[in-house]
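To start, the structure itself, in structure tokens.
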There are 2 protein chains.
Amino acid sequence: MFSKACEYGIRATLYVAMQSMEGQRAGLREIVDVTGTPAAYMAKILQKLVHAGILDSVRGPVGGFGISRIKIDNIRLAELVHTLEGDRFQGTCLLGKKSCGDTVCPLHNEFLEMKEEMLGMLENTSLFELASQLSLGLGTLKYRDEGET
Amino acid sequence: MFSKACEYGIRATLYVAMQSMEGQRAGLREIVDVTGTPAAYMAKILQKLVHAGILDSVRGPVGGFGISRIKIDNIRLAELVHTLEGDRFQGTCLLGKKSCGDTVCPLHNEFLEMKEEMLGMLENTSLFELASQLSLGLGTLKYRDEGET
DNA sequence: AAAATAAAAGACTAAATTGTCCTTTAATAT
DNA sequence: ATATTAAAGGACAATTTAGTCTTTTATTTT
């Protein structure tokens with residue numbers, strides 16, 4: 001569905017958001033631990049999110065990644081997806097490509113509703129919503145088939 | 001959204017279905033022309049579809065690819081997607097992996113409805129529905145940004 | 001100031017996906 | 001029978017995605 005980079009990035013961002021809401025920075029080690037993802041690869045993804053202005057970071061001891069409350073409230077899943085895998089989900093038809101907007105795509109009719117719902121959900125779901133659920137223990141960021149038993 | 005192989009395969013299958021409904025076989029050259037896809041790669045994809053028992057093929061002049069009326073009626077998009085890109089869309093959470101079924105995934109709640117709709121649509125849309133629309137001139141299988149102007 | 005800590009950065013390897021090319025095999029037409 | 005046509009098959013090449021390793025740079029302790 002999404003690329004690994006995107007999945008990992010979403011999970012990491014949600015964890016950072018959770019920690020930031022508690023006034024805590026999250027270090028790479030910690031993030032990798034909680035999300036069960038490859039450290040060096042995650043480092044790259046976090047870098048990308050920092051460059052994109054989504055996360056902020058400080059080096060050295062007591063350093064780590066954080067995200068401002070304003071961004072937790074305002075950044076939507078759509079923005080994460082966009083920065084982590086380009087426009088694969090932006091305005092493309094479920095079957096074809098960009099031109100689907102004005103050409104009549106046979107699958108367009110079938111999938112239009114679904115696509116709208118999908119994009120709508122990505123546009124409307126804020127980090128806050130998801131991070132809150134996680135804080136309440138309503139979810140996990142680690143998946144059994146990727147980590148240890 | 002889907003892999004190239006999957007997109008190409010769906011388009012090819014729909015064209016073959018259209019032609020088969022007219023009692024015509026479709027050759028590779030023709031398929032590649034209509035769908036605007038790389039010939040050698042498409043050949044591989046068609047092979048896969050033949051192996052999977054979705055399409056049938058005959059060699060030599062007057063040969064080409066075809067699909068029986070029974071299969072046009074009964075094969076759903078879900079089956080194409082499954083044979084062309086494995087279980088990436090089968091029972092996996094939109095964010096995480098297989099384990100999402102019993103673990104509580106934070107995005108699961110948000111996306112469950114959408115996922116269900118998506119899988120449902122793949123399960124319920126038959127080749128016949130789509131090929132019929134195409135036959136009526138209600139769509140195209142070629143996308144501008146991939147072919148010539 | 002020096003040692004320790006942690007992110008930034010860049011070069012690299014591995015694997016999967018996408019795509020090409022060339023030979024073989026099966027069917028038809030002359 | 002032979003030539004022709006078109007799919008089957010296998011071996012590659014290119015690209016993208018995923019992942020690793022090593023060095024540098026910025027911060028903070030001591």
Side-chain angles (χ1 to χ4, degrees), chain A residues 1-13 15-16 19 24-33 35-67 81 83-89 97 146-147, chain B residues 1-13 15-16 19 24-33 35-67 81 83-89 97 146-147:
Chain A
M1 186 86 228
F2 297 108
S3 64
K4 291 282 180 192
C6 192
E7 285 185 16
Y8 296 169
I10 293 174
R11 291 196 226 163
T13 303
Y15 179 68
V16 171
Q19 292 305 101
Q24 302 273 318
R25 283 196 167 276
L28 172 65
R29 196 72 58 83
E30 199 184 338
I31 293 172
V32 157
D33 247 43
T35 57
T37 51
Y41 192 41
M42 180 57 94
K44 295 292 174 199
I45 296 167
L46 290 166
Q47 249 182 74
K48 222 175 190 174
L49 291 167
V50 169
H51 285 149
I54 293 169
L55 300 181
D56 55 273
S57 66
V58 277
R59 307 191 209 193
V62 193
F65 299 87
I67 178 169
V81 172
T83 61
L84 292 171
E85 53 184 310
D87 54 7
R88 197 153 68 87
F89 278 81
K97 296 299 208 96
E146 287 174 314
Chain B
M1 185 86 229
F2 297 107
S3 65
K4 293 279 181 194
C6 191
E7 285 185 16
Y8 296 169
I10 293 175
R11 291 195 225 164
T13 303
Y15 180 68
V16 171
Q19 292 306 102
Q24 302 273 318
R25 280 195 170 276
L28 173 65
R29 194 73 57 84
E30 198 184 339
I31 294 173
V32 157
D33 247 42
T35 57
T37 50
Y41 192 40
M42 180 57 93
K44 296 292 173 198
I45 296 167
L46 290 166
Q47 250 182 71
K48 221 174 190 176
L49 291 168
V50 169
H51 284 148
I54 293 169
L55 300 180
D56 55 273
S57 66
V58 276
R59 307 190 210 193
V62 194
F65 299 88
I67 179 170
V81 172
T83 60
L84 291 171
E85 51 184 312
D87 54 6
R88 197 153 67 86
F89 278 81
K97 296 296 208 96
E146 287 173 314

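Order of the sequence lines sets the chain letters (A, B, ...), proteins ahead of strands, with each chain counted from 1.
- Residues A/Ala26 and A/Val16 approach most closely at CB-CG2, 4.2 Å, considering heavy atoms.
- Between A/Tyr8 and A/Pro38 there is a side-chain heavy-atom pair separated by less than 4.5 Å.
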Check: residues 52-67 of chain B side-chain donor-acceptor pairs under 3.5 Å, at least two apart:
unit_1	atom_1	unit_2	atom_2	d
B/Asp56	OD2	B/Arg25	NH1	3.3
B/Asp56	OD2	B/Arg25	NH2	2.7

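- Shown here are the side chain to side chain contact (heavy atoms under 4.5 Å, CB included) partners of B/Ala12, two or more places apart in sequence or in another chain: B/Ile31, B/Met42, B/Leu46.
- Counting heavy atoms from C-beta on, the side chains of A/Leu49 and A/Leu84 come closer than 4.5 Å.
- Panel note: side chain B/Glu30, backbone B/Gly27; a donor-acceptor pair is recorded below 3.5 Å.
- Residues in residues 38-52 of chain B take part in no side-chain hydrogen bond (donor to acceptor under 3.5 Å, both in side chains) pair, two or more places apart or across chains.
- Taking atom CG of residue A/Leu28 and atom P of nucleotide C/dA6, one finds them 10 Å apart after rounding to whole Å.
- Residue A/Thr35 holds its OG1 atom at 11.5 Å from CD of A/Glu7, rounded to the nearest 0.5 Å.
- Following rounding to the nearest Å, B/Arg59 (CZ) and C/dA26 (C1') show an atom-to-atom distance of 5 Å.
- Running 5' to 3' along DNA chain D, contacts with non-hydrogen atoms of chain B at under 4.0 Å begin and end at D/dT5 to D/dA11.
- Judged by closest nucleotide on DNA chain D, B/Gly60 is the one of B/Gly60 and A/Pro61 placed further toward the 5' end.
- B/Gly63 comes within 4.0 angstrom of no nucleic acid atom, judged by non-hydrogen atoms across all strands.
- The interatomic distance linking A/Arg25 (CZ) with C/dT5 (P) rounds to 19 Å, in whole Å.
- Residues from residues 40-53 of chain A that place a heavy atom under 4.0 Å from any atom of DNA chain D, listed by number: A/Ala40, A/Tyr41, A/Lys44.
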